[in-house]
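In what follows, chains carry the letters A, B, and so on, assigned in the order in which the sequence lines appear, proteins first and then strands, with residues in each chain numbered from 1. Reckoned from all heavy atoms, side chains included, excluding hydrogens, waters and symmetry mates.
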Protein chains: 2
Amino acid sequence: MRDVARLAGVGMKTVSRVINSEPNVSATTLARVEDAIARLNYEPDVHAGSLRRTGGLTRTIGLLVGSVANPFSGSIHRAVEDVATERGFAVFASSLDEDPSRERVAVSAFLQRRVDGLILTRIGPSQGYLLPEQQHGTPLVFVDRPAVGIDADTVVSDNVGGSALATRRLLDLGHRRIAFLGDRPDIWTMGQRRQGFLEELGRAGVSTNDAPVIDHLEDEVQTYRAATALLSGPHPPSAIFSSQNLITIGVIRALRDLGLQRRVALIGFDDVPMADLLEPGISVVAQDPEAIGAAAARHLFARLDGDEEPSHTTVIPTRFIERGSGEIAPVGG
Amino acid sequence: MRDVARLAGVGMKTVSRVINSEPNVSATTLARVEDAIARLNYEPDVHAGSLRRTGGLTRTIGLLVGSVANPFSGSIHRAVEDVATERGFAVFASSLDEDPSRERVAVSAFLQRRVDGLILTRIGPSQGYLLPEQQHGTPLVFVDRPAVGIDADTVVSDNVGGSALATRRLLDLGHRRIAFLGDRPDIWTMGQRRQGFLEELGRAGVSTNDAPVIDHLEDEVQTYRAATALLSGPHPPSAIFSSQNLITIGVIRALRDLGLQRRVALIGFDDVPMADLLEPGISVVAQDPEAIGAAAARHLFARLDGDEEPSHTTVIPTRFIERGSGEIAPVGG
DNA sequence: TTGAAAGCGCTAACAA
DNA sequence: TTGTTAGCGCTTTCAA
């Protein structure tokens, strides 16, 4: 910056004024300074600026997601980025992999880079460690799952409602023995989906005690085995509600290999790529990650703009997509 | 930091030493300082530090990709992040959407935040504007496509080789009329894939003049129309090589709707999700985005570590995945 | 309309 | 082993 000032033959403060589009710079001076900036390929240092500036923003936000390689996270990321870019903010992203220790490390890395706000998918059991940061004025928005031990803005999918709706569709077709296949039950979203499923069964007067509920399915292979056993067992279900992407795929494989894909109904929570090209097409309860990301970013910037309202939870609706597999009636029913 | 020093009853420099794990701090002092840091929830400011530090790194890199919502980019991002995190670096990511103006804006945003290096998928016609930055010592690595107007490390897929291999497989099955369906031909990767295709035809002595080559297919719908017209026309091909994901999906739909999915062979460049669950499974030339990202990150850090070798282009091999659609022999052949 | 001096949070260089 | 002073690139405050 000193070089620019020297080349333009002005004081540093004048260069500063030009960079920040402040008033009180004559047209001639402005032109000279801009010329010097271009000639020297000068890029002002955002951080050096925010050091002294009152309320000094770095125009940077941090985003913590499951994994940037995961399409759900990617869509959230993109939506956040679009809002951020529009306001001249850059986005740091970090993957957590369901590992609580990474959450702390990543938050700390962002804080040390003085992000102006944080959007995060919590992993750890409590986010109380963020209280001082929140009191200090850093806006926090939780996505996908609510935080524990801290009160902050939150954006989640309508897990309970979406699951209940899927369950209702199966019940309406006449299914009475519907299986629920779930991931680790300690993951908040899984608990919600299971709850939506069981509540809807209850409302329909179907006993929830002997409803086949299988949990702890952590990947496609485990799911395949569990689904195969279930479907070949003494009391196979006539329909399956799978609570997550990878589980849905495992179930599809199991149904295929048993030749049951047109006899047993299947609805998955979370959309599956190419689902409409499979035979039958896979009916799903789709989430709206773009809407989640956009809502989270909007909340964050509202806080940055001075919004002092009490913290707010936004529930993003899910959408049922009919493609065939969820419209199979029970055999003989 | 001053507060920490005061609370611990030491000088600022001592706190600095503790933060940076420098030697010459007694165990007692260390404990007192660490206690004060914990009590005050102090997080050192990375940027303030790098301001004065000689060679001052911000331990931050910038990544420019097509879109963070795109799985190919997501995998590259993740691989880069893994290498970066291991070294205590944070990653800025930005989506370009094939828009040259966004490239400049994003690069500038990163430079103003003083990233220590840049990994980028170029979009604009020339990256000469990065020359001053490169001379200034910022390592640059281009991924997916080589840069124009600047000499820098580059990591790309083996587009020519992968396409030639796919073409050879079709030729070996007896196909002689093979169609190439491509995206915008000005995209470097498209040109390479087309070249691999045509060269292999040439090597087999098949005339490349009347080989059906259709370009400018920018989405699924355009592809569907073009493929339908081609397959219903007077001289339909017995095999199709599609040069990209979305195009492959458009072709699958067209084949399905014409009932030709088991009569016309199809090989796609780029893997397609769930491809093995389709009927027939879709054979593809798969890229390895993780390897691309990992190689790019390794090059970047090697430069940061002082590597002064001439710039180097790494070609990441592709992998042919046989799933059925590419193993269909020509009818009557 | 412009610029000089002080200071943001930190580290380099040097002294104690 | 520890602390002091100057200064990184910028903005503030205030004077010209």
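- Rounded to whole angstrom, the span from the CG atom of N24(A) across to the C1' atom of dC14(D) amounts to 14 Å.
- Between the side chain of R52(B) and the backbone N or O of A48(B), no donor-acceptor pair lies under 3.5 Å.
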Encode nucleotides 6-16 of chain C as B, S and - characters from 5' to 3', where the letter depends on protein heavy atoms closer than 4.0 Å: B to the base, S only to sugar-phosphate, - to neither.
BBBBBBBB---
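- Panel note: side chain Q192(B), backbone N159(B); no donor-acceptor pair is recorded below 3.5 Å.
- Under the 3.5 Å distance criterion, the side-chain polar atoms of Q127(B) are matched with a main-chain donor or acceptor of V148(B).
- The phosphate of dT2(C) (OP1 or OP2) has no side-chain N or O of T14(A) nearer than 4.0 angstrom.
- Neither side chain, T60(B) nor R113(B), offers a donor N or O lying under 3.5 Å from an acceptor on the other.
- Note on ring orientation: taking the six-membered ring where Trp is involved, the planes of H312(B) and H299(B) are tilted (angle from 30° to 60°).
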